Amino acid sequence: MSSRLIGVGVGPGDPELVTVKGVNALRAADVVVVPVMDSGERGRAEATVAHYVSAEKIVRVVFALNERSDRARREAAWDAAGARVAELLGRHGSVAFATIGDPNVYSTFTYLAQTIAELVPGVVVETVPGITAMQDLAARSGAVLTEGTEPLTLVPVTAGAAVLEEALAGPGTVVAYKFGRQAAEVAGALARAGRLEDAVWGSALGLPEESVRPAAELDGSPLPYLSTLIAPPRRDSGRGGKL
């Protein structure tokens, strides 16, 4: 039988936001891989997974999660991580990979699956969707992501502030991921687009250090890397006005 690699979205941090299907997939797998930046780290994915499976079943695998400047180092780290997961698949029938959020939305799992497909011929790759940070932040803040015919634009600010500026100039809600290190630029972009008043940001959602604040309180100080921003459009046409 073919080995199986299952990417399981475990949500933004709150263990209660893992789906029933996700929990079942984690428990059914022979081992559960969690991505870390170093072998001694206990990352957010592992902390969530630990609520549902025993520690003996969890395997930490080091990934270059934040390496952007040194391509050679990043590629070497990816190769090593892929080889480690391929080795686990050689000894186990099913390996789950836990990723925060959703495995098909800016996830480490995407790159891992590509590597494993080359290293393990015939491997079956599956994904289990997870709740995203923008959904959790919307629920915790009361921000409405979309109404009627409004579009929804998701941008990673790691691509540059200009990408956010372009999105804010368009219609509908704009969600920005990974903007913590460029908080000052983001605040400026929101102000210029006239979207500062209704925007909200959050970090560490569902964790003891959770912070959910109006974007108007951004003062340029760096925020946690995995901060999320929701900037709704102006809605002044009454109930159902966007239908």
Side-chain angles (χ1 to χ4, degrees), residues 3-39 41-53 55 57-68 74 77-89 92 94-117 119-120 123-137 154-156 158 175-180 202-207 224-228:
S3 54
R4 295 170 61 237
L5 175 65
I6 310 104
V8 181
V10 296
D14 184 345
E16 293 186 343
L17 291 182
V18 184
T19 67
V20 173
K21 186 169 184 175
V23 172
N24 289 339
L26 293 172
R27 289 175 173 169
D30 297 320
V31 295
V32 178
V33 170
V34 292
V36 294
M37 288 188 290
D38 64 72
S39 58
E41 177 195 21
R42 189 175 193 256
R44 192 177 299 186
E46 180 179 357
T48 303
V49 168
H51 284 262
Y52 299 106
V53 302
K57 193 173 177 176
I58 299 173
V59 178
R60 294 174 181 168
V61 175
V62 177
F63 286 81
L65 297 173
N66 61 350
E67 179 56 70
R68 296 183 179 276
R74 182 178 68 241
W78 276 109
D79 288 344
R84 175 65 173 129
V85 175
E87 182 255 329
L88 290 169
L89 283 164
H92 302 281
S94 62
V95 173
F97 181 91
T99 178
I100 59 172
D102 182 278
N104 293 304
V105 180
Y106 298 131
S107 169
T108 306
F109 181 75
T110 302
Y111 311 115
L112 175 65
Q114 293 171 353
T115 302
I116 294 301
L119 295 177
V120 185
V123 65
V124 175
V125 177
E126 304 171 1
T127 58
V128 177
I131 292 172
T132 61
M134 63 178 166
Q135 292 170 286
D136 194 13
L137 178 57
L154 173 61
V155 298
T158 48
V175 175
Y177 275 2
K178 305 176 183 179
F179 82 92
S203 63
L205 301 175
L207 303 176
Y225 174 67
L226 290 177
S227 295
T228 297

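Since this is a predicted model, take the numbers as computed values, not measurements. Hydrogens, waters and symmetry mates play no part in the numbers below; they use all other heavy atoms, side chains included.
For the atom pair Thr115 OG1 and Asp79 CG, the distance stands at 7.0 Å (nearest 0.5 Å). The distance from atom CG of Leu205 to atom CG of Leu137, rounded to the nearest 0.5 Å, is 5.5 Å. We find the OG1-CD1 distance between Thr48 and Ile100 to be 8.5 Å, quoted to the nearest 0.5 Å. Annotation: the span from Lys57 atom NZ to His92 atom NE2 amounts to 10.5 Å, rounded to 0.5 Å. Rounding to the nearest 0.5 Å places CG of Leu226 at 7.5 Å from OG1 of Thr228. Between atom CH2 of residue Trp78 and atom CZ of residue Phe63 there is a gap of 5.5 Å, rounded to the nearest 0.5 Å.
Residue Val61 comes nearest to Arg84 through the heavy atom pair CG2-CG, 3.8 Å, listed as atom of the first residue, atom of the second, then distance. The minimum heavy-atom distance between Tyr177 and Ala133, with the atom names listed, is OH-N, 3.5 Å. Residues Ala86 and Ile116 share a closest heavy-atom pair of N-CD1, 3.7 Å. Here the closest non-hydrogen pair linking Val32 and Ala98 is CG1-CB, 4.2 Å. Residues Asp136 and Pro12 approach most closely at OD2-CG, 3.3 Å, considering heavy atoms. Considering all non-hydrogen atoms of both residues, Arg27 and Tyr52 come closest at NE-O, 3.1 Å.
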For this session: Could you walk me through whether Arg42 and Arg60 pass the side chain to side chain contact (heavy atoms under 4.5 Å, CB included) test, one step at a time?
Result: CA-CA 8 Å; Arg42 189 175 193 256; Arg60 294 174 181 168; 3.8 Å; yes
Problem set entry | Working for side chain to side chain contact (heavy atoms under 4.5 Å, CB included), residues Leu207 and Arg44 | CA-CA 10 Å; Leu207 303 176; Arg44 192 177 299 186; 3.8 Å; yes
Problem set entry | Chi angles and distances behind the side chain to side chain contact (heavy atoms under 4.5 Å, CB included) call for Leu154, Val105 | CA-CA 10 Å; Leu154 173 61; Val105 180; 3.9 Å; yes
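Under 3.5 Å, the side chains of Thr99 and Thr108 contain no donor-acceptor pair of N or O atoms. Under 3.5 Å, the side chains of Asp102 and Thr132 contain no donor-acceptor pair of N or O atoms.
The side-chain heavy atoms of Glu46 and Ile58, taken from C-beta on, include a pair separated by under 4.5 Å. Val123 has its side chain within reach of Leu89: a pair of non-hydrogen atoms, C-beta onward, lies under 4.5 Å apart. Looking only at side-chain heavy atoms (C-beta outward), Phe179 and Thr158 stay at 4.5 Å or farther from each other. Taking 4.5 Å as the limit, every side-chain heavy atom of Val59 sits out of range of all side-chain heavy atoms of Val95.
The residue from Val18, Val34, Val128, Leu17 that alone fulfils the side chain to side chain contact (heavy atoms under 4.5 Å, CB included) condition with Val10 is Val18.
Note on ring orientation: taking the six-membered ring where Trp is involved, the planes of Phe97 and Phe109 are tilted (angle from 30° to 60°).
Of the possible donor and acceptor atoms, none in the side chain of Ser107 sits under 3.5 Å from a partner among the backbone N and O of Asn104.
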